[in-house]
Amino acid sequence: MNSLLKWLYQLDVPHFLYPRIQAWLPWIAGFALLFLTLGLLAGLWIAPTDYQQSDAFRIIYVHVPAAWLSMFVYVAMAMMALAILVWRSKTAELALVASALIGAAFTLIALVTGAIWGKPMWGTWWVWDGRLTSELILLFIYLGIFALYKAFADSYQTNHSQGARAASVFTLIGLVNIPIIHYSVIWWNTLHQPPSISKFDTPSIHVDMLWPLLLMALAFQLIYLWLLLLALRFSLLERHQTSGWVQQILRLNLQSKQAKND
Amino acid sequence: MTEFLAMNGYGGYVWSSIGFSLLVLAGLALSFYWRHQRLRKRLMQYLLEEDLANFRKQDESSKA
């Protein structure tokens with residue numbers, strides 16, 4: 001337990017985190033792409049055709065993982081917000097801003113693929129039902145968090161920590177939207193269907209359609225991690241570009257480059 | 001193969017969904033990656049210029 005805590009504290013030390021990101025990134029990227037390929041193969045090819053929705057149901061294999069991630073990323077951001085406000089974690093600051101963009105991307109994917117699915121199946125690109133509306137609001141919240149941070153970061157008196165604290169407070173206030181998104185299909189009986197998987201019961205989806213979905217969900221999780229580490233790597237380098245450890249790493253890179261040229 | 005692409009008539013919907021998702025995610029990954037590469041290149045450039053300036057200074061002080 002102690003060593004875990006110590007390791008968590010060390011994640012907040014830039015020169016500890018950066019080389020580890022560099023080491024992990026190829027693995028995470030590799031696994032993300034592997035599971036994405038397997039998931040798409042499973043969902044688009046192996047999974048049986050639905051008797052009601054024919055092959056249009058296969059949109060589920062991007063729509064649902066994207067929607068799940070759009071909520072997962074927000075909950076992760078809420079924990080980062082806590083780390084920023086309570087422990088003033090600098091890594092969490094960078095991770096929060098990066099996650100806002102990535103979360104917005106997942107939300108956008110969920111909304112667009114949902115609309116594309118809705119047109120042939122339910123006859124409309126959009127309705128103002130509880131689920132769709134709250135997910136759209138989630139998109140605006142993500143963008144708002146990002147814009148708020150940028151407003152501080154890009155001002156004359158750049159204060160990243162102040163911007164991060166403001167963004168954190170905004171994140172925690174917006175957290176109420178997540179249970180609304182989840183329960184909206186139970187509270188209101190409108191267009192979007194009720195939960196078939198994320199409920200306290202056996203899934204009401206056939207197992208042959210379920211396992212590719214879980215595979216895609218894992219793939220999207222790894223993609224989030226991959227994107228987060230990519231963004232974090234850049235932010236760390238940008239923020240600490242004048243520090244000694246960065247200069248050291250750059251020198252090593254230069255030397256290996258020159259060694260390659262010789 | 002054609003039935004796979006046609007998706008029983010829903011091919012347009014299914015493939016545009018998959019395509020949009022992959023496009024957004026790939027776009028994000030690439031933009032993050034390129035951003036990092038550009039910064040690294042620029043910082044290494046600064047290092048080289050700094051080294052060059054130092055060498056020049058050393059030269060002048062040894063000649064003087």
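Just so you know, these numbers come straight off a predicted model, no measurement behind them. Convention: sequence-line order gives letters A, B, ...; per-chain numbering from 1.
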Spatial distance of atom CZ (Phe20(B)) from atom CD1 (Ile109(A)) [nearest 0.5 Å]: 6.5 Å

message: Within the structure provided, determine whether Ile59(A) and Tyr10(B) are in side-chain contact (heavy-atom separation under 4.5 Å).
response: no

query: Looking at Arg58(A), Arg233(A), Lys119(A), Gln241(A), which has the largest count of heavy-atom pairs under 4.5 Å with chain B?
result: Arg233(A)

statement: The reported gap from CG in Leu25(A) to OH in Tyr33(B) (rounded to nearest 0.5 angstrom) is 9.5 Å

query: To the nearest 0.5 Å, how far apart are CH2 in Trp117(A) and OG in Ser16(B)?
result: 13.5 Å

task: Under 4.5 Å, counting heavy-atom pairs only, tell me which of Gly11(B), Ala6(B), Ser17(B) racks up the most with chain A.
output: Ser17(B)

- prompt: Is any side-chain heavy atom of Trp15(B) closer than 4.5 Å to a side-chain heavy atom of Leu44(A)?
  reply: yes

field: Proximal component of Leu108(A), with respect to chain B [non-hydrogen, under 4.5 Å]
entry: both

field: Contacting moiety of Ile223(A), where chain B heavy atoms sit under 4.5 Å
entry: side chain

- prompt: For the candidates Ala105(A), Ser235(A), Pro120(A), which exhibits the highest count of non-hydrogen atom pairs separated by less than 4.5 Å from chain B?
  reply: Pro120(A)

message: Would you say that Arg35(B) contacts Leu237(A) through its side chain, given a criterion of any heavy-atom pair below 4.5 Å between the two side chains?
response: no

query: For the candidates Val62(A), Val112(A), Ile116(A), which exhibits the highest count of non-hydrogen atom pairs separated by less than 4.5 Å from chain B?
result: Ile116(A)

- prompt: What residue, out of Asn253(A), Val246(A), Leu101(A), has the most heavy-atom pairs lying under 4.5 Å from chain B?
  reply: Asn253(A)

query: Are any non-hydrogen side-chain atoms of His36(B) and Glu238(A) less than 4.5 angstrom apart?
result: no

- prompt: Can you say whether Phe106(A) sits under 4.5 Å from chain B via the side chain, the backbone, both, or neither, judging by heavy atoms?
  reply: side chain

task: Would you indicate whether Trp34(B), at its atom CH2, is surrounded by more than 12 heavy atoms from other residues, nucleotides or ligands within a distance under 6.0 Å?
output: no

query: Mind checking whether Leu228(A) and Phe32(B) have side chains closer than 4.5 Å, heavy atoms only?
result: no

query: Is it the case that more than 12 heavy atoms not belonging to Tyr18(A) sit under 6.0 Å from its OH atom?
result: yes

query: Within a strict 4.5 Å, meaning less than it, do heavy atoms of the Leu36(A) and Leu25(B) side chains meet?
result: no

- line: Turns out that what part of Met121(A) lies under 4.5 Å from chain B's heavy atoms comes down to side chain

message: Can you confirm whether Trp27(A) is buried at CH2, in the sense that more than 12 heavy atoms of other residues, nucleotides or ligands lie under 6.0 Å from that atom?
response: no

message: Heavy-atom cut-off 4.5 Å, strictly under: side chain, backbone, both or neither for Leu23(B) against chain A?
response: neither

- prompt: Where is the tightest heavy-atom contact between Leu230(A) and Ala29(B), given as atom of each residue plus distance?
  reply: CD1-O, 3.7 Å

query: Which bit of Val24(B) comes within less than 4.5 Å of chain A, counting heavy atoms only: side chain, backbone, both or neither?
result: side chain

message: Please check if the number of heavy atoms outside Phe31(A) that lie under 6.0 Å from its CZ is greater than 12.
response: no

statement: Applying a strict 4.5 Å limit to non-hydrogen atoms, the region of Ala66(A) in contact with chain B is neither

query: How long is the gap from CD on Gln45(B) to CG on Leu254(A), to the nearest 0.5 Å?
result: 9.5 Å

Heavy-atom contact with chain B under 4.5 Å, split by part of Phe57(A): neither

message: Taking atom CZ as the centre, does Phe4(B) end up with more than 12 heavy-atom neighbours from other residues, nucleotides or ligands that are less than 6.0 angstrom away?
response: yes

Nearest heavy-atom neighbours spanning Asn8(B) and Ser54(A): CB-OG, 3.1 Å

message: Quick check for you: to the nearest 0.5 Å, what is the distance between Asp55(A) atom CG and Glu3(B) atom CD?
response: 10.5 Å

message: Just so I know, are the side chains of Leu43(B) and Gln247(A) near enough to count as touching, which here means a heavy-atom distance under 4.5 Å?
response: no

